[in-house]
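Just so you know, ligand 1 is whichever comes first in the structure, and atom 1 is the first atom listed for that ligand. These numbers come from the heavy atoms of this one structure, side chains and all, not from hydrogens, waters or symmetry mates.
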Amino acid sequence: MKVVPSPYIWFNGELIPWDEARVHVLSHVIHYGTGVFEGIRAYGSEQGTRVLGLDAHMRRLFRSASLLSLPMPFEFERLRSAVLETVRANEHEACYIRPFAFRGYGELGVDPSASPVDVVVATFPWGALLGEGSQQDGVATGVASWRRMAPDTHPSMAKASGNYINSALVVMEAKRHGYAEGIVLDVDGYVCEGSGENVFFVRDETLWTPPVGASILEGVTRGFVLQLAAEAGLPVREQRIPREMLYTSDEIFFSGTAAEITPVSSVDGQVVGAGSRGPMTTRLQEAFFEIVQGRTDDRFGWLTPVE
Ligand SMILES: Cc1ncc(COP(=O)(O)O)c(C=O)c1O
């Protein structure tokens, strides 16, 4: 998805013109991936523009920073309001929001401790991640030959720039094979997630998903799906998922800020269930969009008004 410039980027405490938000080519993050970031969406509605999961995303950003021993130069509240300020300044009705904290310019050894930390917030318009119609028709996927980082190697619970080499390899391979997205297994061969989405399975009226600790990113949208499932009284099993479930489930869907809730229509050329969006996916997807688009109450407190 192409980045569409907006008027401003928040850079170390100030809104500056988009084209002036630059860093030096010898910034530490460019060489070693020493940054942490978030992907957040703001939705337009009759109630105005509202940011989805702002506090959960900001909490994850600070936890990611702490996993990388990256001292945040701004307090939680200051960065939280910087997100709202940037969306307001860019006058978006709906947009994608990218807060990013990284080791900047100054030192160039592997040890980042002496490099300064810079923080930016960028916002721009963004549609359906996996293509128009994907949320209705589902997407074709394939199991990646790359495995997800093993526990104790990269901190997969951190949304850290360097981790995304793994995701990039997974999605590039998937596209070479004609799939919209790849599904990556852990070192033991159990299902982890997509390159940028968590994954859910429906089998015998039960919702299954890999647990935190299965080398996944703890998705904010994953948390929303679990809340909706609990509200609907759907049994949920957070447990290791054998690869076989990719080929024997009634329904599979992805959750993520960018992908929202997207059905998986096939895995490795094998059709999932009836090959179209299944009833439980439809139900959870509708419940999700009703809330974020303001067609019903924000009963879980997911949304923060921008004004
Ligand atoms: C690797 C990975 N897993 C899962 C997710 C879904 O997380 P969230 O729902 O917080 O966007 C993302 C997207 O941020 C991701 O990059």
Protein heavy-atom partner closest to atom 11 (O) of ligand 1 - residue, atom, separation in Å: Thr257 OG1, 2.6 Å
Reference residue Phe74; test ring pair (Phe, Tyr, Trp, His ring centres under 6.0 Å); the match among Phe62, Phe11, Trp10: Trp10
Nearest non-hydrogen protein atom, atom 5 (C) of ligand 1: Gly196 O, 3.6 Å
Element-labelled atoms of ligand 1 that are located less than 4.0 Å from some non-hydrogen atom of Lys159: 13 (C), 14 (O), 16 (O)
Expected output: side-chain Asp268 to main-chain Gln270 donor-acceptor under 3.5 Å: no
Non-hydrogen atom of Tyr164 closer than 4.0 Å to ligand 1: yes
Main-chain N/O of Gly106 paired with Ser115 side-chain donor or acceptor, under 3.5 Å: no
Glu93, CD: over 12 other non-hydrogen atoms inside 6.0 angstrom: no
Over 12 foreign heavy atoms within 6.0 Å of CH2, Trp146: no
Close N or O approach (Glu218, ligand 1; < 3.5 Å): no
Close-contact set for ligand 1 against Gly219 heavy atoms, below 4.0 Å: 7 (O), 8 (P), 9 (O), 10 (O)
Donor-acceptor contact present, side-chain Glu251 to main-chain Met280, <3.5 Å: yes
Min N/O separation Arg148 to ligand 1 under 3.5 Å: no
Neighbour count >12 (heavy atoms, 6.0 Å) for atom CZ, Phe288: yes
Min N/O separation His57 to ligand 1 under 3.5 Å: no
Whether over 12 other heavy atoms sit under 6.0 Å from Glu173 CD: yes
Enclosure of Glu231 CD (heavy-atom neighbours >12, cutoff 6.0 Å): yes
Ligand 1-proximal atoms of Ala258, by part, heavy-atom distance under 4.0 Å: neither
Side chain to side chain, Val36 and Lys159, heavy atoms closer than 4.5 Å: no
Heteroatom proximity flag, Val220 to ligand 1, N/O under 3.5 Å: yes
Closest protein heavy atom (residue, atom, distance) for atom 9 (O) of ligand 1: Thr221 OG1, 2.6 Å
Proximal atoms of ligand 1 relative to Ser195 (non-hydrogen, under 4.0 Å): 1 (C)
N or O pair under 3.5 Å between Ser167 and ligand 1: no
Any Arg60 heavy atom less than 4.0 Å to ligand 1: yes
Distance filter under 4.0 Å to Gly256 heavy atoms, resulting ligand 1 atoms: 6 (C), 9 (O), 11 (O)
